[in-house]
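The basis for the numbers below is simple: all heavy atoms, side chains too, and nothing from hydrogens, waters or symmetry mates.
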Amino acid sequence: MARVDQLASERSKAQFDVDEMKIVWAGSRHAFEISDRISRLVASDPAFRKDNRAMLGRKELFKNTLRKAAHAWKRIIELRLTDEEASRLRFYVDEPAFTDLHWGMFIPAIKGQGTDEQQQKWLPLAYKMQIIGCYAQTELGHGSNIQGLETTATFDPQTDEFIIHSPTLTSCKWWPGGLGKVSTHAVVYARLITDGKDYGVNGFIVQLRSLDDHSPLPGITVGDIGMKFGNGAYNSMDNGVLQFDHVRIPRDQMLMRVSQVTREGKFVQSNVPRQLVYGTMVYVRQTIVSDASCALSRAVCIATRYSAVRRQFGSNNDGVETQVIDYKTQQNRLFPLLASAYAFRFVGEWLKWLYMDVTQRLQANDFSTLPEAHACTAGLKSLTTSATADAIEECRKLCGGHGYLCSSGLPELFAVYVPACTYEGDNVVLLLQVARFLMKTVSQLGSGKKPVGTTAYMGRVEHLMQSRCDAQRAEDWLKPSVILEAFEARSARMSVACAQNLAKFANQEEGMPNSALIKVYTRCFAELSANLTEASVAHCQLIVVSKFIEKLQQDIPGKGVKEQLEILCNIYALSLLHKHQGDFLSTGSITSKQASFANDQLRSLYSQVRPNAVALVDAFNYTDHYLGSVLGRYDGNVYPKLYEEAWKDPLNDSVVPDGYHEYIRPLLKQQLRNARL
């Protein structure tokens, strides 16, 4: 069978309605239709070509990115695209650019932290891109520890201005995307000082560059921080360094929705609750989780299609070798990643609902679910981005040697994605924030205060500490109730064990004053931090499993669609159980026999998903342009295209390489003495 027909043969095996699965993946028929139309629009436009990106020098790459961003904006205006359509277009252009921070951070920051008047002044300019903004928070010396930021904003009552200043080298803003060469404005986070008192970190809108000739304004030193990991990849983004030398801005450019400084220099809290700021954080993190499902699904699509095309060993009498996807070792590594892509997609959908719910509650001055929502989004950001970064690399290895080629699309996808493990909160730091919330939840269980939302299961902690898993045979692991109880018991027991260990430390210091006890608790928390992060991971994995199960309780149309999602849900849960078997066994959540049953069932599930694997990645509905991978081509025509791509490399512009006469010939002729070394 010709290679080009291989994937057509695979698609004929599908046991479900692929078109309906595409709608499930997109979230709705409306969302699918928009994504499908916009992705094809981008793919058909030569201006958005990206196959040569890894071969471009930094300056050429950056200028090419500017051209694409300008062309994208031109098309958005010409076609009168809605905000949703414009967002999809930027997504499918698939190139990190200053626009990501303008739309994703600068505008949401003003919407979340600016007064009505400030929004009326700045947002129309930003929406029309008459100004271009970035989000300048991280500094050379401080990232995760926001309270340690050193940039100052000192109020001068004589001129009614704030003086923005970088007092140390480490106070330079460092990393903000779009800052290096493009942004005209920034939301700058600095320590608010008035009347000699430091009121902590606040946001300020600061103009950085002239709107006439783009030169930096007086007192501002700004530039790019240099090359980053990978060819092409994130080097299309101008991550910047920014230093202020007593730069003056009007008082009304302090973002004043939550707190204000009066004309006289008095710091006052507004009647808007400070907790409203967390709404923006929830929004940004739910976007990151959705992005994780996109990046992971893209890598899995490439690896799955190539695994079906690639044949190696095991030839029968007819001389046809075995498809790599038929090897159990390949399935054991690949299919849990396929299941994870769907799992992250559905938990991302739920986070969108959570954001809307939190926003409505905040507007009604209901802050009851905010701590849980904050912990939940922090944990899921950490879990999904770490898992996705690891999974992209695993997909590269699943593609063998060819996965290492830039033309596979996987090296660049990895290089572009891995920063997500650090930006918007270092993943380990975020897990420790989740752990603090879990410890507080456990400590309040005896007070009669009921846990809410994703921690509601903690309200049954007495039962979960004593319960025994009901799995008596392999098939029992297909029951959602059995899976949920095992994951709930594991999470509850790990959290309670951490709380008990913290209590032991605290009990040793009885009689101390409260201030000293807080220091002891902090030291104990740090000592147990490794255990605490593991408890946080267990809690977050439970959330993802439970949301996948909740998705399956909805009315899902289409022949065989729900059945395939049930298989994927079970693969996701049981592969986690297998990977973290030590946790489940050490906490007594399951027995070794039940763990063996789970592994038996997992192998059976791999066999069930095998004939549907290619169709399940087709449901992502990615164009070849967006995938950017010779190995993941829809038609499976891999080998001729790999050969064709090889000859496009600049090294092949000439048969005899540059440098032959200077270095290779003298070496071959034993004339190195005459070589120009």
- [ ] Show your reasoning for whether side chain to side chain contact (heavy atoms under 4.5 Å, CB included) applies to Leu577 and Ile590.
- [x] CA-CA 10 Å; Leu577 189 148; Ile590 63 172; 3.7 Å; yes
Open item on the list: Between the side chains of Arg333 and Glu394, is the shortest nitrogen-to-carboxylate-oxygen separation below 4.0 Å, so that they form an ion pair?
Closed with: yes
TODO: Output the distance between atom OG (Ser575) and atom NE2 (His580), rounded to the nearest 0.5 Å.
DONE: 9.0 Å
- [ ] Answer yes or no for Arg298 and Tyr622: cation-pi contact, defined as NZ/CZ to six-membered ring centre under 6.0 Å and angle to ring axis within 45°.
- [x] no
- [ ] Any chance you could lay out the side-chain hydrogen bond (donor to acceptor under 3.5 Å, both in side chains) test for Ser259 and Asn202, step after step, and finish with the verdict?
- [x] CA-CA 9 Å; Ser259 52; Asn202 206 91; 3.2 Å; yes
Task: Atom of Ala186, atom of Phe106 and distance for their closest heavy-atom approach - done: C-CE1, 4.0 Å
TODO: Inspect the contact between Lys547 and Glu550 and indicate whether a charged nitrogen and a carboxylate oxygen are less than 4.0 angstrom apart.
DONE: yes
Task: Heavy-atom side-chain proximity of Leu383 to Ile543 below 4.5 angstrom - done: no
Task: Worked check of side chain to side chain contact (heavy atoms under 4.5 Å, CB included) between Glu488 and Leu542 - done: CA-CA 7 Å; Glu488 287 174 349; Leu542 167 61; 3.8 Å; yes
Task: Main-chain N/O of Tyr189 paired with Lys173 side-chain donor or acceptor, under 3.5 Å - done: yes
Open item on the list: Within this structure, what is the CG-CD1 distance for the pair Leu255 and Ile205, rounded to the nearest 0.5 Å?
Closed with: 4.5 Å
Task: Backbone N/O of Leu532 and side chain of Ser536: donor-acceptor pair under 3.5 Å - done: yes
- [ ] Salt-bridge test for Glu485 and Arg468: reply yes if a basic N is under 4.0 Å from a carboxylate O, no otherwise.
- [x] no
- [ ] Would you confirm whether Thr388, through its side chain, and Thr385, through its main-chain N or O, come within 3.5 Å as a donor-acceptor pair?
- [x] no
Open item on the list: For Phe91, does the six-membered ring have the charged nitrogen or CZ of Arg88 within the cation-pi criterion, i.e. under 6.0 angstrom from the centroid and within 45° of the normal?
Closed with: yes
- [ ] Could you tell me the separation between the CZ atom of Phe32 and the CE atom of Met21, rounded to the nearest 0.5 Å?
- [x] 13.5 Å
TODO: Measure the spacing between CD of Gln331 and CG of Leu338 and express it to the nearest 0.5 Å.
DONE: 11.5 Å
- [ ] Determine yes or no for a side-chain-to-main-chain donor-acceptor pair under 3.5 angstrom, with Thr304 supplying the side chain and Cys301 the backbone.
- [x] no
Open item on the list: If you define the side chain from C-beta out and look only at heavy atoms, does anything of Val482 sit under 4.5 Å from Cys469?
Closed with: yes
TODO: Answer with yes or no whether the side chains of Gln286 and Thr377 bring together a donor and an acceptor at under 3.5 Å.
DONE: no
Task: Heavy-atom donor-acceptor pair, Arg29 side chain to Ile23 backbone, under 3.5 Å - done: no
TODO: Rounded to the nearest 0.5 Å, what's the gap from CE on Met254 to CD on Gln118? Could you check?
DONE: 8.5 Å
Task: Donor-acceptor contact present, side-chain Lys479 to main-chain Ala471, <3.5 Å - done: no
- [ ] Would you check if the side chain of Trp477 reaches a backbone N or O of Gln594 as a donor-acceptor pair within less than 3.5 Å?
- [x] yes
Task: Closest heavy-atom pair and its distance - Met256, Val261 - done: CE-O, 3.9 Å
Task: Test item: side-chain donor near acceptor, Asn427 and Ser386, under 3.5 Å - done: yes
Task: Minimum side-chain heavy-atom gap His30-Glu84 below 4.5 Å - done: yes
Open item on the list: Taking atom NE2 as the centre, does His578 end up with more than 12 heavy-atom neighbours from other residues, nucleotides or ligands that are less than 6.0 angstrom away?
Closed with: no
- [ ] Would you indicate whether Lys562, at its atom NZ, is surrounded by more than 12 heavy atoms from other residues, nucleotides or ligands within a distance under 6.0 Å?
- [x] yes
Task: Minimum-distance pair of heavy atoms, taken over all atoms of Val289 and Gly348 - done: CG1-CA, 4.0 Å
- [ ] Just do the side-chain hydrogen bond (donor to acceptor under 3.5 Å, both in side chains) check on Thr151 and Glu139 with the steps written out, would you?
- [x] CA-CA 8 Å; Thr151 303; Glu139 296 178 353; 2.6 Å; yes
Task: Nearest atoms (heavy-atom pairs only) where Ser546 meets Leu484 - done: CB-CD2, 3.8 Å
- [ ] Using atom types as modelled and distance alone, determine if a side-chain donor or acceptor of Ser293 lies under 3.5 Å from a backbone N or O of Ser290.
- [x] yes
Task: Nearest-0.5 Å distance, OG of residue Ser144 to CD1 of residue Ile146 - done: 8.0 Å
Open item on the list: Using every non-hydrogen atom in the two residues, find where Leu445 and Pro451 come nearest and quote the distance to one decimal.
Closed with: CD2-CG, 3.7 Å
TODO: For this output row, return yes or no: ring centroids of Tyr342 and Phe620 closer than 6.0 angstrom.
DONE: yes
TODO: Taking the side chain as every heavy atom from C-beta outward, state whether Pro336 and Tyr606 have any atom pair closer than 4.5 Å.
DONE: yes
TODO: State which residue, out of Phe548, Phe584, Tyr457, Tyr572, fulfils the ring pair (Phe, Tyr, Trp, His ring centres under 6.0 Å) condition with Phe487.
DONE: Phe584
Task: N/O donor-acceptor pair under 3.5 Å between Gln119 side chain and Gly114 backbone - done: yes
Open item on the list: Any side-chain to backbone donor/acceptor pair from Glu372 onto Thr454? Under 3.5 Å, distance only.
Closed with: yes
Open item on the list: What verdict does the side chain to side chain contact (heavy atoms under 4.5 Å, CB included) test give for Gln137 and Leu149, after you've listed the backbone C-alpha separation in whole Å, the side-chain angles of each residue and the deciding distance to 0.1 Å?
Closed with: CA-CA 8 Å; Gln137 177 174 289; Leu149 295 180; 4.1 Å; yes
Open item on the list: What I'd like to find out is whether the side chain of Glu20 reaches to under 4.5 Å of the side chain of Val24, using heavy atoms alone.
Closed with: no
TODO: Mind listing the closest non-hydrogen atom pair of Ser28 and Ala31 along with its distance?
DONE: OG-N, 3.0 Å
Open item on the list: Contact between Val496 and Gln500 at the side-chain level, heavy atoms closer than 4.5 Å - yes or no?
Closed with: yes
Task: Check against side chain to side chain contact (heavy atoms under 4.5 Å, CB included), Phe267 and Gln269 - done: CA-CA 7 Å; Phe267 179 85; Gln269 294 284 355; 3.8 Å; yes
Open item on the list: Can you confirm whether Asn570 sits close enough to Gln601 that some side-chain heavy atom of one is under 4.5 Å from a side-chain heavy atom of the other?
Closed with: no
Open item on the list: Any non-hydrogen side-chain atom of His374 less than 4.5 Å from a side-chain atom of Arg285?
Closed with: yes
